[in-house]
K.L.:
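So that we are looking at the same thing, I have put the structure below in structure tokens.
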Amino acid sequence: MRATKYFGKTLRDAPAEAETVSHRLLLRAGMVQQLAAGIYSYLPLGWRSLNKISTIIREEMNRAGGLEVRMPVTQPRELWEESGRADTFVPPLAQFEDRRGRMLVLAPTHEEAVTAMARANIRSYRDLPVTLYQIQTKFRDEPRPRAGLLRVREFEMKDAYSFDADVEGLDTSFNAMADAYHRIFGRCGLQVVMVEADSGPIGGKDSNEFVLLAESGEDTILICDKCGYAANSEKASSRKGQSPVEAPLPVETIHTPGIRTIDALAKSLGIPASRTIKAVFYSAAGEVVLVSIRGDLEVNETKLRNALGGADVRLATADQVRAAGLVAGSASAVGLDRVRSVVDDSVTAGGNYVAGANREDRHLRNVNYGRDFKADLMVDLALARDGDACPKCDGTLRAKRGIEVGHIFKLGTRYAEKMGAMYLDAQGVPHPIVMGCYGIGVGRLLAAAIEANHDGRGMTLPRAIAPFEVYLASLGDDADVVSAADSLYRDLEAASVDVLYDDRDEPPGVKFNDADLIGPPLRVVVSKRSLKNAQVEVKSRKAEKPASHPFGDAVEVVRAALEQV
RNA sequence: CGGGGAGUAGCGCAGCUGGUAGCGCGCAGCGUUCGGGACGCUGAGGUCCCGGGUUCGAAUCCCGGCUCCCCGACCA
């Protein structure tokens with residue numbers, strides 16, 4: 001493609017609204033353009049990269065046995081009433097009335113539509129298993145779109161849905177998709193890790209996220225440095241360590257004037273925080289819950305929410321705490337029976353803890369679970385942190401930042417049961433179809449790839465997803481230079497090299513800067529200086545200096561160099 | 001939804017003690033240049049977010065609204 005025939009402009013300055021690196025670079029390179037909050041147009045350059053990603057996804061879905069389908073973006077609201085998600089989906093469904101007064105929704109995801117497709121076409125166990133997928137636009141009216149393409153309202157998403165006769169079949173389909181995901185991200189040249197994840201309101205027994213490691217990421221994941229255990233921070237567990245086993249001693253009340261935090265308590269008593277019990281107050285569905293956890297640990301609110309049956313959980317307000325009769329700074333579960341007590345399993349590991357006395361300026365020594373306080377619920381509630389011990393081996397967990405680019409779920413029979421998607425087994429007995437779903441945000445993946453692949457000059461996307469493979473630039477308007485560059489351009493095109501030919505009448509600095517901004521992995525320069533020696537210059541995007549090669553070998557040199565980047 | 005910030009040329013911004021809009025980049029033309037956003041001359045380009053009010057006069061002051069961004073809440 002000749003730059004003089006192309007559409008879209010590079011910007012020297014990024015628009016003020018863009019703060020995130022990928023957002024700035026996408027706008028500066030002229031890849032996307034914003035129409036409204038979280039709603040973007042793709043210009044030719046951005047669409048090229050997006051399509052390269054889509055093509056890789058499509059090839060790997062097909063290889064894994066997936067069948068591509070296309071489903072409606074506008075769907076009758078009744079379909080969502082069947083699944084029970086018409087009023088519960090978050091964010092709420094975007095919907096409108098058609099001219100006959102029927103309510104239509106803009107699909108935020110396609111479980112309902114694909115289940116309708118399945119129940120109309122699957123009758124028998126002989127029809128199973130099957131995996132259908134789509135790469136389509138979806139719309140979610142997100143409460144807060146942000147960071148360019150990282151979190152948008154209208155977006156391209158690949159969603160695959162598997163249908164199996166039983167959970168063993170689902171496991172097989174799920175693993176096949178996990179393998180395909182590894183291949184997809186690998187082919188995109190991206191370092192992605194699969195981590196255990198919380199399945200959230202979608203439900204199901206297993207769920208894994210695919211996270212692109214990037215410092216600017218919004219998600220925290222924990223990875224064991226030894227055994228490969230990896231989970232996002234909502235899900236991750238860690239070994240909390242054993243406190244010394246001691247015979248329970250009698251409880252003593254101690255005077256602790258002005259001490260209201262675990263740090264201060266531990267310091268004043270000269271003990272580690274791990275010998276104390278911290279009380280944290282939450283409000284769940286209007287009820288105040290007292291969470292007890294060892295003093296050196298923190299509460300993982302997702303685990304707490306799951307333990308409480310999915311209720312909305314947030315820190316209790318000072319008013320709620322007071323109304324519940326709790327003494328902030330000196331609270332504990334000891335002697336409290338009118339407040340629900342949820343206990344992290346860490347406090348069962350040892351004994352003789354220091355805990356609040358539920359009186360101002362008083363704490364208790366030698367508090368023991370079971371003898372001195374009880375739990376209405378006893379589970380793992382701790383937030384795993386960098387440096388914690390791995391739950392699976394004797395390694396250490398390391399916290400890393402990342403961006404969620406894919407998420408796969410074992411859905412089970414939830415949708416099939418609600419929507420009547422059944423098959424008959426060999427005995428003629430009906431069963432609900434067992435489903436899985438597997439998503440990749442295509443636009444988010446592009447943005448994430450830029451977050452992970454850029455430098456001070458612009459994008460350094462891997463070859464497989466960069467908008468072009470080669471940036472060919474001619475310097476100056478010398479007739480020999482122009483004709484040499486023209487002919488090299490034709491030869492590269494003929495050799496099926498994906499080349500952007502900068503044939504504009506611009507000074508070298510402009511061309512070099514645009515080459516670095518757009519960032520094809522290879523830059524080829526034809527100039528009077530190099531042509532004098534019958535040479536061209538080839539430079540990889542990440543190299544400091546170019547290398548000169550005989551002009552006649554240019555195509556071969558480029559093809560070889562592309563294999564290396 | 002809570003908190004904060006911002007809307008003036010395509011982009012970045014100034015003008016805001018009221019007097020009818022400017023700078024840089026970009027864009028168009030001509031010329032000189034041609035190895036990291038080069039230089040000169042000429043030129044085009046504005047609903048100063050919208051509506052109302054105050055005033056002889058509003059980008060500027062007042063009231064109401066809209067949009068966008070950031071933090072939080074929420075979220076495949």
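All figures in this text were calculated on a predicted structure; none of them were measured in a lab. In what follows, chains are A, B, ... by sequence order, proteins preceding strands, each numbered from 1.
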K.L.:
When only distance counts, do a donor and an acceptor, one from the side chain of A:Glu537 and one from the base of B:G35, lie under 3.5 Å apart?
P.N.:
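Between B:G35 and A:Glu537, which were checked side chain against base, a qualifying N/O pair under 3.5 Å is present.
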K.L.:
With both distances kept under 3.5 Å, what pairs with B:C61, Watson-Crick or G-U wobble?
P.N.:
B:G53
K.L.:
Between B:G46 and B:C41, how far apart are the two C1' atoms, rounded to whole Å?
P.N.:
25 Å
K.L.:
Record whether the side chain of A:Asp13 comes under 3.5 Å of the base of B:G26 through a donor-acceptor pair of N or O atoms.
P.N.:
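Per atom types, no contact qualifies.
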K.L.:
At less than 4.0 Å, is any side-chain N or O atom of A:Gln34 found next to OP1 or OP2 of B:C69? Yes or no.
P.N.:
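So the side-chain polar atoms of A:Gln34 do come within 4.0 Å of the phosphate oxygens OP1 or OP2 of B:C69, strictly under.
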K.L.:
Is any side-chain N or O of A:Asp477 under 3.5 Å from a base N or O of B:C34, one able to act as donor and the other as acceptor?
P.N.:
yes
K.L.:
So, under a plain 3.5 Å distance rule, would you say the side chain of A:Arg523 forms a donor-acceptor pair with the base of B:G36?
P.N.:
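Under the 3.5 Å cut-off, the side chain and the base do form a donor-acceptor pair.
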K.L.:
Would you call A:Lys542 and A:Asp455 a salt bridge, taking side-chain N to carboxylate O under 4.0 Å as the test?
P.N.:
no
K.L.:
Roughly how far apart, to the nearest Å, are B:G26 and B:C68 at atom C1'?
P.N.:
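Here B:G26 and B:C68 have their C1' atoms 23 Å from each other.
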K.L.:
Taking atom NZ of A:Lys52 as the centre, report whether more than 12 heavy atoms of other residues, nucleotides or ligands fall under 6.0 Å from it.
P.N.:
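Count over threshold, so yes.
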K.L.:
With heavy atoms under 4.0 Å as the rule, sort A:Ala473 into base, sugar-phosphate or nothing.
P.N.:
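Nothing, no heavy atom under 4.0 Å.
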K.L.:
Within the 3.5 Å criterion, strictly below it, is a donor on A:Tyr415 or A:Arg119 matched to an acceptor on the partner's side chain?
P.N.:
no
